[in-house]
Each structure stands twice: as structure tokens, then as C-alpha cells.
Amino acid sequence: MNLETIIIINMSIEISNQPDIKEIQNLYKTHTVKEIIEFFLNKIDKDDTKIQGAVRLNTELALQIAEELDKKLSNSTIDQLIQKQPLFGVPFALKDNILVEGQPLTAQSKILDGYTASYSSDVYKLLEEAGAVLVAQTNMDEFAFGSSTEFSGFGQITKNPHDLERVPGGTSGGSAAMIAAGMLPFAIGTDTGGSIRQPASFTGTIGIRPTYGTISRYGIVASTSSFDQAGPIANSLADNQLVLNILQQTSDKDQTSINKPIAEDKKKIKIGIPQEFFGDGLDPQVKEIFDTVIANNKENFEFVEVNLSMSKYSLAVYYILQTVEAAANLERFDTVRYGNTSDHPNQELFFDGRSLFGEEAKRRIMLGTYTSSAGYYDAYYNKACQVREKIRLDLQEVLEQVDALIMPASPFPAFKIGENASNPMSMYLADIMTVTHPITRVPALVIPGGTVIEREKKLPVGIQLVGAEGEENTLYRIANTISNR
Ligand code: GLN
């Protein structure tokens with residue numbers, strides 16, 4: 001098809017600023033899948049020039065899948081097809097650390113430059129089976145270390161659609177920014193210590209970190225195996241929940257995969273406000289949004305103050321365990337088995353190759369190797385494991401008294417590009433609101449709570465809802481009452 005015909009088709013397709021899954025599937029009453037997928041590929045090509053959320057388009061694969069779906073569409077109605085494939089014809093994007101057979105993947109590290117995935121992740125297979133069409137892979141901080149999407153090993157910096165001078169959050173910032181800009185109805189991110197939830201908060205989108213083990217990690221580049229979980233980012237709660245339900249399947253390829261526990265139905269929901277997350281350091285404007293949301297929902301829920309006294313250790317425990325596991329996981333990138341192997345004489349291969357890691361990856365390898373080395377193992381790694389269990393018990397006890405917790409996902413709205421770039425410590429501290437949940441395996445959902453004005457720009461602030469393991473549906477129920485999205 002030449003460009004002229006694509007433009008003519010595009011003009012006949014009308015969609016809203018933030019199209020959702022239903023809206024797109026409705027178009028299949030009058031359009032082919034190929035037309036709609038081409039429309040979205042063009043849209044991203046155009047809209048993403050400023051945002052820089054995508055690292056590559058999967059044009060060939062997307063059009064090939066569209067052709068297969070069009071064969072089905074010529075024999076059945078879209079409603080019949082949705083019964084069998086709930087995401088029939090829905091375009092989406094994947095973070096660049098989730099494998100798709102035959103597609104390039106780098107986790108935004110130069111060490112993986114030139115790598116093509118030889119198999120597909122469970123996450124991708126489930127979405128493909130459900131009829132979704134991969135159109136783009138999204139930007140991230142190298143190996144999912146970071147909180148801003150400023151640190152791809154290739155230099156691409158994703159911008160926040162609400163203010164192009166600010167970060168979209170990280171590390172799934174590419175996915176979140178594309179959704180916030182209305183380029184797609186949903187995208188997949190991964191969350192080790194907040195990488196779905198903090199970007200959702202910064203971009204005014206909806207993102208969930210599910211109960212650990214309920215989404216298979218098979219085929220996802222490992223950062224911190226005992227924390228990593230994938231999850232959807234979307235503009236509507238219904239879309240987010242639909243995609244989550246498709247992804248939550250047990251897999252025999254992931255040893256930590258579990259059946260999603262079935263939560264009991266609750267009548268009057270009681271929500272705890274953990275005092276530790278509303279104290280010093282919280283931006284007063286962010287605090288005000290929470291005061292308003294809580295005041296407006298007094299009739300709907302019972303709110304009580306609770307204490308998570310062990311959470312003051314979360315950040316320290318997180319960064320000890322994170323770096324130890326990351327250092328171990330990064331050992332496999334020896335430049336022999338993966339990626340960039342060219343131009344090195346044999347004996348130099350290892351040293352030259354490992355130097356392709358970015359600053360942050362090197363920092364984490366050094367820290368993790370140190371805290372798990374023979375002399376320091378008991379003082380740091382082992383101690384952190386013990387404290388992790390104490391934090392889990394503390395949270396579990398609180399979640400026996402209340403059905404959910406409400407708290408920020410970040411102490412402040414999106415920060416400026418470059419603001420935290422030279423100080424890794426201040427970047428780590430920004431994770432204070434999101435690291436307790438991976439440590440304790442519980443699910444956490446972030447929804448838009450309101451906006452604050454900074455330098456004449458409206459910046460979104462997210463509300464984080466936290467439940468006990470398997471309580472995802474309770475979180476959506478609360479979210480549907482608080483938000484009209
Ligand atoms: N900011 C945290 C870190 O740097 C979390 C990142 C993530 O969730 N992938 O480790």
C-alpha cells in the first residue's frame with residue numbers, strides 16, 4: 001500500500017483522544033484489522049516524535065497478524081470473535097524487556113544490541129492468543145534499573161506528555177507515556193520496585209502490580225527474580241482489569257508461578273491510611289489530593305489510620321536484595337551467549353563486552369557483589385532477608401484489620417528531566433512509596449487521583465491502593481468508586 005492510500009483510509013477513521021479497547025473493537029464493524037493497525041502504526045509514527053515512548057515499531061509482525069485476524073473477520077462478526085478472543089484486533093505495546101520470538105530486544109542495554117529473541121514470553125503468548133496485535137516495543141531504563149526512563153543505554157529519553165520537560169517516571173516510562181498520550185489503549189510494563197506504579201502516577205494512567213507469582217516471568221529479562229512482575233498500563237479501569245485477567249495464568253515454565261488466590265467478597269470495605277507515608281517529605285499538594293479523595297469517599301468506605309512501623313526499613317532491604325539478585329542475573333551477559341560479540345579478540349571479549357553495561361548496571365553489580373560476598377553475606381544479604389520477612393508479617397497483620405491501604409505512589413509529581421540524574425541516592429529515595437509491596441508480594445493498583453499545578457502545567461498525581469495477596473478485585477472495586485475512569 002502506498003502512503004496516499006494509507007492517508008485516505010486514516011481520514012475515514014475517527015477515534016477519541018484516548019481510545020479504549022471497546023472503541024477500537026467497534027471499528028471492526030466497518031473496517032478491516034489491517035486498516036486499523038495501519039492507522040495506529042501511522043499514529044505512533046507521528047505522535048511519538050515528541051514523546052519518544054517507543055524504541056521500535058513491529059510493523060511487519062503486526063501486519064502479518066492483522067492479515068490472519070482479517071481472515072477470521074471475513075467469516076464472523078466482531079462480537080462473535082470477541083467471545084473467543086477478548087482482545088481481538090487490539091493494538092498494544094510491550095516494554096523492551098519482554099521477549100517476542102523473532103523480534104529484536106535489548107532491555108535498552110548496549111550489551112544486548114543486535115539480539116533477536118529466540119522464543120516468546122508467556123505474557124506475549126497470552127496476549128497473542130487473546131487476539132491482541134503487538135505494534136511497538138517501549139523505552140525503559142537499562143535493565144529496568146531506575147525511576148525516570150532517562151537512562152536507556154542508547155540515550156533515548158522519554159518525555160511526560162503532560163509536560164515535555166519532565167520525566168514520565170520509570171522504568172516503564174515508555175509504556176506509560178504512550179498510553180497517556182492516547183497512542184494505544186494498553187501497554188505492558190514490569191514492576192520490580194515501582195516501575196509500573198510510579199510512571200502511572202506521573203502520567204495519569206492506570207497501572208497495576210499484581211500479586212507476586214500470578215503473572216509468569218518466563219521470557220522476561222530478569223532484574224530481581226523475587227520481585228519482578230509484569231502488569232498492564234491503560235487509560236480505563238475496565239481495560240486494565242481485562243488485560244490483567246488474561247495475563248494471570250499459572251505457567252509450568254516459571255517455578256514461582258502460583259494460582260491467583262480467590263478473594264472473598266466484602267460488604268463494607270475498610271481502608272487503612274498508613275501514617276508513615278503521609279509524614280515529612282510528602283509534597284503538600286499531593287497530600288491535599290489525598291485529603292480530598294478521602295473526604296469525598298467517607299460515605300463509601302470506612303477509613304482508619306494504621307501504622308506500618310517496619311516500612312522504614314523497606315528501602316534499605318529493597319536495595320540490598322535488588323542489587324544482589326541483579327548482580328547474579330547479569331552474570332549471564334558475558335557477551336559470548338548473548339548480543340554484542342563482534343570485533344573482540346578472544347581474550348579481550350569478556351572485559352570489553354562487560355564494559356558495555358551502563359553506569360547504573362555497573363553500580364548495581366558492584367553493590368550486589370559486595371553485599372553478598374563471603375565476609376559480608378551475613379551482615380547484609382542475610383539480614384535483609386530476615387528483615388524482609390518482618391516487614392511482610394507487619395503488613396500482613398495490618399491487612400487482616402483492613403481490606404486495603406490507600407497511599408501515594410510517589411512523594412511528589414513528575415520531576416524535571418535531569419533533576420535527579422547526577423545523584424543516584426536521590427533517585428533511590430524517590431522509590432520510598434513503592435518498594436514495600438514487592439518485598440511483601442502484595443498487589444498494588446495506581447489510579448489517577450487529581451492534578452497539581454507547577455509552572456502553569458497540570459501534573460497528575462496517582463493514588464495507590466494496596467491489598468492482601470490475591471485481592472486485585474477488591475482494589476478495582478474501590479478504584480471504580482473513587483474514579484470515573
Ligand atoms: N526504581 C527501582 C529500582 O531502580 C525500581 C525499578 C523497577 O521497578 N524496575 O530498582
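Remember, it's a predicted structure, so these values are computed and weren't measured experimentally. As the structure lists them, so they are numbered: ligands from 1, and atoms in each ligand from 1.
Test L244, I196, V243 against I208 for side chain to side chain contact (heavy atoms under 4.5 Å, CB included) and you get one pass: L244. Shown are S147, S148, S152; of these, the side-chain hydrogen bond (donor to acceptor under 3.5 Å, both in side chains) with E150 is made only by S148.
Ring-centre distance between Y218 and Y119: below the 6.0 Å cut-off.
A distance-only check finds no donor-acceptor pair linking the side chain of S172 to the backbone of S175 [under 3.5 Å].
Under the 3.5 Å distance criterion, with hydrogens and angles disregarded, a donor-acceptor pair is assigned to the side chains of Q322 and T224.
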Derivation and outcome, side chain to side chain contact (heavy atoms under 4.5 Å, CB included), residues L99 and L94 = CA-CA 9 Å; L99 275 69; L94 279 180; over 6 Å; no
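Protein residues with any heavy atom under 4.0 Å from ligand 1: A144, F145, G146, S147, T171, D191, T192, G193, G194, S195, Y318, Y319, R364, D431.
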